[in-house]
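Both ligands and their constituent atoms are indexed starting at 1 by order of listing. Keep in mind it's a predicted model, so treat the numbers as computed, not measured.
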Amino acid sequence: MSQSGEILKDEFWDDDDIESVEPDDCGKRLKGLLIRVAISLFFIGCCTGAIIFSFINGETGTQHETHRDASKNFSIFIDQYSKKEGLYILTYKLPDDAEDDQEPAVEEFDSFWIQSDTNKTLVHRITQNVTIYAFPTHSYWYDTTNGIKCTFDRSTTYTTYINSLGMTSLVRNHQEYEQTHQGDKVYVYQGNPNEVLLSNVNQTAFLVTAYADAVTGALLAWDTYFTADDHSSDMVYKASYEYSSMTPAKPDPSWFTTPEQCSPN
Ligand SMILES: *[C@@H]1O[C@H](CO)[C@@H](O)[C@H](O)[C@H]1NC(C)=O
Ligand SMILES: *[C@@H]1O[C@H](CO)[C@@H](O)[C@H](O)[C@H]1NC(C)=O
Ligand SMILES: *[C@@H]1O[C@H](CO)[C@@H](O)[C@H](O)[C@H]1NC(C)=O
Ligand SMILES: *[C@@H]1O[C@H](CO)[C@@H](O)[C@H](O)[C@H]1NC(C)=O
């Protein structure tokens with residue numbers, strides 16, 4: 001909008017040769033002016049159209065984004081969601097006899113995170129095959145490893161699941177901005193590795209690092225680092241979740257509907 005505003009302003013006021021008008025030039029100038037006005041109106045029309053278009057096509061839920069100052073007291077307990085572009089990345093430990101230039105094995109899978117802290121509900125795609133639907137008093141584990149299986153779990157809730165990620169209390173140690181590899185400005189926080197009890201990696205965590213978007217305060221990513229309890233080659237060194245399009249807003253309630261295989265509903 002401001003762009004068309006500037007076009008108008010420039011067209012009208014930057015004509016500093018207006019004083020030297022010759023009478024027979026007037027018709028020509030008027031015509032030129034009218035053309036410019038027409039062009040300006042055309043741009044205003046385009047702009048309005050684009051805004052209306054973006055309203056019609058906007059994702060539901062994005063209209064009430066809540067931005068937070070994540071420089072001091074970043075918390076995971078907010079309403080936020082990332083339905084697409086999320087990643088789950090496993091980095092394996094290098095074997096003890098690795099060559100100097102050997103790269104660690106890395107696996108990458110799609111993931112999503114849909115959280116309503118207001119309603120204490122969370123849907124998290126944990127691995128390629130396992131998604132948790134967590135509620136205030138119970139949860140469902142939706143597993144597609146060997147056909148579809150959905151398991152009711154009374155002992156895991158929204159709160160206990162998030163606790164098990166080690167991010168209930170996050171402490172900021174670094175004073176400067178740091179960059180994630182996507183190039184977003186973030187604040188780096190450290191979680192509590194002693195709380196970590198993941199369903200997907202059965203090893204002891206020694207560090208949890210969380211990244212808060214410096215602009216919106218949303219949770220952009222976190223890394224969990226593990227000690228290797230033995231020397232076998234399938235030991236995980238780092239498990240990461242990355243949600244570069246995490247939106248700090250209320251998710252659509254329909255996104256928490258459990259699949260039909262999950263009962264009792
Ligand atoms: C951070 O602290 C401020 C003021 O103490 C408070 O208003 C805000 O809700 C807190 N934010 C989070 C995410 O806890
Ligand atoms: C909480 O759940 C209710 C019922 O499904 C829904 O109407 C409401 O929008 C939800 N609020 C948030 C913040 O998710
Ligand atoms: C996920 O499921 C696929 C297909 O059933 C299987 O090949 C793969 O090994 C499973 N992955 C894990 C980590 O269980
Ligand atoms: C985790 O590993 C330990 C020892 O390796 C084993 O005793 C335990 O049963 C495992 N737990 C799960 C949930 O796989």
Taken to the nearest 0.5 Å, the spacing of Asp79 CG from Asn119 CG works out to 7.5 Å
Under 3.5 Å, is there a donor-acceptor pair between the side chain of Gln80 and the main chain of Leu219? yes
Here the atoms of ligand 3 under 4.0 Å from any heavy atom belonging to Asn129 are 1 (C), 2 (O), 3 (C), 8 (C), 10 (C), 11 (N), 12 (C), 14 (O)
Any Thr145 heavy atom less than 4.0 Å from ligand 3: yes
Disulfide (SG to SG under 2.5 Å) partners of residues 127-156, not counting sequence neighbours, each pair once: Cys150-Cys262
Collect the protein residues that have a non-hydrogen atom under 4.0 Å from ligand 2 and hand them over in chain and number order. Asp79, Ser116, Thr118, Asn119, Lys250, Pro253
Restricting to pairs with a member in residues 118-131, which pass salt bridge (charged side-chain N to carboxylate O under 4.0 Å, His left out), not counting sequence neighbours? Asp117-Lys120
Taking only residues two or more places apart in sequence, or in another chain, which ones meet Glu195 in a side-chain contact (heavy atoms from CB on, under 4.5 Å)? Thr168, Asn192
Reported CD1-to-OG distance for the pair Ile132 and Ser199, which is rounded to 0.5 angstrom: 7.0 Å
Between His138 and Phe152, ring centroids under 6.0 Å: yes
